[in-house]
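Atoms within a ligand are numbered from 1 in the order they appear, just like the ligands themselves.
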Amino acid sequence: MAGKLEDIAVDPDIYSMATGYNGEPQDFQSETTSLASTIARGRLENGRRYQAIKDDDYWGPSDEQQFEAFEIGHLVFLVIDHLQPNPLFHAPIGESPKNILDIGTGKGSWAIDVADLYPTATVRGVDVFPPPVSWMPPNCVFEVDDVLREWTWKEPFDFIHMRLMYGAFAPEGWKKVYKQCYDALEPGGWIEQMELDVRVYSDDGSLQKHHELYRWGDMFIKCSEKAGSSLRTHETMRKAIEEAGFVDVHEKKYKIPLGPWAKDKIYKEAGHLQYAHWNAALEGWAMWLLTHHGEPKPWTKDEVQVFLAKVRQELKNPAIHAYEPANRVWARKPTLQEMRARQETPIKIEPSP
Ligand SMILES: C[S@@+](CC[C@H](N)C(=O)[O-])C[C@H]1O[C@@H](n2cnc3c(N)ncnc32)[C@H](O)[C@@H]1O
């Protein structure tokens, strides 16, 4: 009959799928539900939960304790840029972006705030673990995926953001991610990345060689490099972004105090929050890296706990005026005109119908 849609063929295996050994009908949803619950259950190790959607490890846990830390970290970054017109990001994306992507969204706080700021934009947050959100603005979408896989988003983005993705990828992985960002952006669209240097410094010599905090950063960088994905992302991102073809590159450097020791009101508040951030995050930062790649041999869980107890004591010491450097890089994909001048063929992303 003209115009009639083809019949949908029946999968012959459906009968065995639909009945159990006892002949009772089974729940059709159980397959997808169990996939979703495997993702949400993650993988447990040393009392912490890690993502379970990809085989190669990512060093950071995805559990309630770490999500609490992400939330406090988000506040630290808002406070440190409190005097800026937009403390969420610096890229000049204009008043009416349509599509924004947050890679490695974590708890999703940045994506939710940006969705509130641009109610007419769609803001996607993607992560290997589902963000634990019970409410989000209607224009905010969370997706579980590994950004090292081929991207399947149909709409081009106006803006792609990353924060604290240090140590998430090996150099080849970073190349792939920046290339996918470049290809997925509209001509003239922006990328922005904010990273911390995990090493701790003091300007007045109050952090000394005998302190655990003194060796903290180098120790973790070593572990991450043994794991193949260096934590030195703050040092490499600018060049990697330039090499991916981005232009109009800007960089802003920060010092984030560790504890409320600074005189300046904003630094004091940021330091206060950064102290709370460290307290919540410490174990999650340390556990996987030290128990897998610690030196001279992988540490035990108990050794990590003893070390962290000493670090916690130092964090409380008002005589140590420590800070961590951070930096933010933002850059633009060339406009169509600039791409033509570079004899570059723009990749056409077809908008979905
Ligand atoms: C340190 S957290 C930062 C979270 C968030 N951007 C923030 O600033 O609070 C890094 C996040 O990247 C995610 N991540 C790591 N590798 C990833 C990958 N291959 N694809 C997607 N997300 C990834 C982790 O699950 C984690 O939530």
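At a 3.5 angstrom cut-off on N or O pairs, Val147 counts as close to ligand 1. The shortest N or O to N or O distance between Gly104 and ligand 1 is below 3.5 Å. Inclusion of Asp102 in the set of residues having an N or O under 3.5 Å from an N or O of ligand 1 is not warranted. By the 3.5 Å distance cut-off applied to N or O atoms, Asp146 is counted among the residues near ligand 1.
Looking at Phe169 against ligand 1, only its side chain comes within 4.0 Å, counting heavy atoms. Here Thr105 has backbone heavy atoms under 4.0 Å from ligand 1, and that is the only part of it that gets that close. Contacts between Tyr58 and ligand 1, counted as non-hydrogen atom pairs separated by less than 4.0 Å, involve the side chain only. Looking at Asp145 against ligand 1, only its backbone comes within 4.0 Å, counting heavy atoms.
Under the 4.0 angstrom criterion for non-hydrogen atoms, Gln51 is not in contact with ligand 1.
Partners of Ala244 under the side-chain contact (heavy atoms from CB on, under 4.5 Å) rule, at least two apart in sequence or in another chain, are Tyr178, Phe246.
Near Leu164, with a cut-off below 4.0 Å to any heavy atom, the atoms of ligand 1 are 1 (C), 2 (S), 3 (C), 10 (C). Heavy-atom contacts of Lys54 reach the following atoms of ligand 1: 19 (N) (cutoff under 4.0 Å). Per-residue contacts place Gly106 under 4.0 angstrom from the following atoms of ligand 1 (heavy atoms of the residue considered): 4 (C), 27 (O).
A salt bridge between Lys107 and Asp127 is absent, with no side-chain N of the basic residue lying under 4.0 Å from a carboxylate O of the acidic one. Under 4.0 Å is where a charged nitrogen must lie from a carboxylate oxygen, and between Lys255 and Asp203 at least one such pair does. Between Arg49 and Asp63 there is no salt bridge, since none of the side-chain N atoms of the basic residue sits less than 4.0 Å from a carboxylate O of the acidic one.
No hydrogens or angles considered: nothing links the side chains of Gln313 and Glu212 as a donor-acceptor pair under 3.5 Å.
A cation-pi geometry, defined here as NZ or CZ lying under 6.0 Å from the six-membered ring centre and within 45° of its normal, holds between Lys333 and Tyr182.
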